[in-house]
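Heads up, the thing below is written out as structure tokens.
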Amino acid sequence: MDQIRIRGGRPLSGEIAIGGAKNAGLPLMAAGLLTDERLVLTSVPQLADIATMATLIAQHGVAVDKATNDGRSLSIGGAITNTEAPYDIVRKMRASVLVLGPLVARAGEARVSLPGGCAIGTRPIDLHLKGLEAMGAVIRLDGGYVHATAPQGLRGATYVMPFPSVGATENLLMAATLADGQSVLANAAREPEITNLAECLVAMGARITGIGSDRLTIEGVKRLHGASHAIIPDRIETATYACAAAVTGGTVKLRGGRLADLGAVVRSLDEAGVDISEEADGLLVRRLNGLRGVDVMTEPYPGFPTDVQAQFMVAMAVADGASMVTETIFENRFMHVPELNRMGARINVHGASAIVRGVRALSGAPVMATDLRASVSLVLAGLAAAGETVVNRVYHLDRGYEAVEQKLAACGASIERAAA
Ligand code: EPZ
């Protein structure tokens, strides 16, 4: 199994190209199930999770073809011949559950494996199911699978989400595009990835208003058609490399990064002593002096993203003073803490909060983590640490970061992938 080896202590300097967003690409690929015409997606990142979603969609009978030789464009479309999403694929990637809404809406039924818990929390899908029930689907749980049927088609409904779940908003939005009549999704999530999905659905002929707000109104249509749509730049990848510049010092240009999508991350980095300015083709990130401790709390967008919590904590681990990092979205998303402490960080977890007391320097160590963002936070810690850090279980990184070692090495980091 591959490892990433890092010799830390070098400031980053140079340019990093930000890829298309994984968490926009996955629902957009599921949206390809809503039409038998071709949906062409551009700026597709080359990631393990995108390949898993392509396999899932293909096994529903729908073609997933490379639209260009560089693999950055995918063309999706065709008849649905199989409405089952099997356990073997869903257990690998929870986002597989995003096929549920499109399958029921278009084929009148779906059988999707229940995803079960994962490293960062229990992560139920009750809101996805309640919303579909409100639209008239009959839901049965049986043998570890959700069986949803709507033989006469879905009907428009108002669903007030008890919590703005990203995945439930996406699933229900896609389902509502083909329902009979008007649907309203209130207290909906409004992450930029949802806006990207809604805009694609509109390009496919859906009628949606309130895009970008927490209240989406959808007038169902009989059918959707093909379209071509660009995946937005990955705001989490952008924030991750901004944190890398913060922990190492130096100046990094993030080509394609968008300030508006970063939400509260910009304010927190600014308070910590990191300057981020927008240029014509991206963002310039500079840490001019030392870092200061800043308190952050994760929240739905535009609040501070849970997907940047681990990376920001590394910056706080080497900042001047203390900070409190509170995780409100997932109940078990501090798996990076014991590994960071092994590298010399001083972090104590009390319930949903971590108290981080900044130290002068981290020291390299062999480390590993059990999820994507925790893993990349260990890479950032390795960049800041004295000596060698070896990050194991690199397959977590490959789910969501394309060419992480090449991108960092191009900015002067001493980092390489090696077979263990
Ligand atoms: C999306 O997951 C992202 N995944 C996650 O990114 C991200 O961390 C998360 O949103 C929050 O921003 C994709 O977009 C593919 P949620 P999702 O539904 O949709 C609870 C990464 O590292 N909940 O907003 O699964 C749930 O348990 C990943 O790229 C219910 O209780 O997140 C969690 O505590 C990891 N019932 C909270 O809501 C439900 O029916 C937020 O979950 C649905 C969710």
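Note that ligands are numbered from 1 as they come in the structure, with each ligand's atoms numbered from 1 the same way.
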Taking 4.0 angstrom as the limit and counting only heavy atoms of [X], give me the atoms of ligand 1 inside it, by number and element.
| X | value |
| --- | --- |
| Ile125 | 39 (C), 40 (O) |
| Gly167 | 18 (O), 19 (O) |
| Thr306 | 8 (O), 11 (C), 12 (O) |

Does the residue Lys22 have a heavy-atom contact with ligand 1, meaning some pair of atoms that are separated by less than 4.0 Å?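 Contact check Lys22 vs ligand 1: positive.
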
Is the closest heavy atom of Glu299 to ligand 1 under 4.0 Å?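 No.
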
Residue-level breakdown please: for Asp307 versus ligand 1, do any non-hydrogen atoms fall below 4.0 Å on the side chain, on the backbone, on both, or on neither?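 Only the side chain of Asp307 comes within reach of ligand 1.
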
What do we get for Phe163 next to ligand 1 when only non-hydrogen atoms under 4.0 Å count, side chain, backbone, both or neither?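 Under 4.0 Å from ligand 1, Phe163 contributes side-chain atoms alone.
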
Where the closest heavy atom to [atom] is concerned, which of [options] has it?
| atom | options | answer |
| --- | --- | --- |
| atom 27 (O) of ligand 1 | Arg123, Glu191, His396 | Arg123 |
| atom 23 (N) of ligand 1 | Ala168, Ala310, Pro124 | Pro124 |
| atom 35 (C) of ligand 1 | Arg94, His128, Arg333, Glu331 | Arg333 |

Does any N or O of ligand 1 fall below 3.5 Å from an N or O anywhere on [X], backbone included?
| X | value |
| --- | --- |
| Val166 | yes |
| Ile329 | yes |
| Glu170 | no |
| Leu127 | yes |

Nearest to [atom], what protein heavy atom do you find, and at what distance?
| atom | result |
| --- | --- |
| atom 22 (O) of ligand 1 | Arg373 NE, 2.8 Å |
| atom 3 (C) of ligand 1 | Asn23 ND2, 3.7 Å |
| atom 36 (N) of ligand 1 | Asp126 OD1, 2.6 Å |
| atom 32 (O) of ligand 1 | Phe330 CZ, 4.2 Å |
| atom 18 (O) of ligand 1 | Ser165 OG, 2.6 Å |

Starting from the C-alpha separation in whole Å, work towards a yes-or-no answer on side-chain hydrogen bond (donor to acceptor under 3.5 Å, both in side chains) for Asn23 and Glu193. CA-CA 7 Å; Asn23 290 348; Glu193 293 77 15; 5.8 Å; no

Heavy-atom distance from atom 20 (C) of ligand 1 to the protein below 4.0 Å?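 Under the 4.0 Å cut-off, atom 20 (C) of ligand 1 has no protein heavy-atom neighbours at all.
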
Any donor-acceptor pair under 3.5 Å linking the side-chain atoms of His147 with those of Arg140?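 The criterion, which ignores hydrogens and geometry beyond distance, is satisfied for His147 and Arg140.
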
Ser353 side chain to Thr326 side chain, donor-acceptor N/O pair below 3.5 angstrom: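 Yes - a donor-acceptor pair under 3.5 Å links their side chains.
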
Name the one of Arg258, Arg255, Lys253 that satisfies salt bridge (charged side-chain N to carboxylate O under 4.0 Å, His left out) with Asp281?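 Going through Arg258, Arg255, Lys253 one by one, the salt bridge (charged side-chain N to carboxylate O under 4.0 Å, His left out) with Asp281 is satisfied by Lys253 alone.
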
Mind running salt bridge (Lys or Arg N to Asp or Glu O under 4.0 Å) on Asp2 and Arg417 for me, showing each step along the way? CA-CA 7 Å; Asp2 286 358; Arg417 186 178 287 244; 3.5 Å; yes

Pairwise side-chain contact, Tyr145 with Glu84, heavy-atom cut-off 4.5 Å (strictly under):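 They are in side-chain contact.
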
I'd like to check Met204 versus Thr35 (side-chain heavy atoms, cut-off strictly below 4.5 Å). Are they in contact?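 SC-SC contact between Met204 and Thr35 confirmed.
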
Take atom CE in Met161; do more than 12 heavy atoms of anything else shown fall under 6.0 Å from it?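 More than 12 heavy atoms, drawn from other residues, nucleotides or ligands, come within 6.0 Å of this atom.
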
Quick one: do Asn171 and His128 satisfy side-chain hydrogen bond (donor to acceptor under 3.5 Å, both in side chains)? Show the steps, please. CA-CA 7 Å; Asn171 235 334; His128 304 234; 3.0 Å; yes

For Glu237 versus Gly19, what's the shortest heavy-atom pair and its separation?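 What the structure gives for the nearest pair is OE1-N, 2.8 Å.
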
Do Glu402 and Arg72 sit within salt-bridge range, that is, some charged N less than 4.0 Å from a carboxylate O?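 So Glu402 pairs with Arg72 through a salt bridge.
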
Using the rule given for side chain to side chain contact (heavy atoms under 4.5 Å, CB included), can you reason through Leu100 versus Leu129, listing the C-alpha separation, both sets of side-chain angles and the distance that settles it, and then say yes or no? CA-CA 9 Å; Leu100 179 62; Leu129 303 184; 3.7 Å; yes

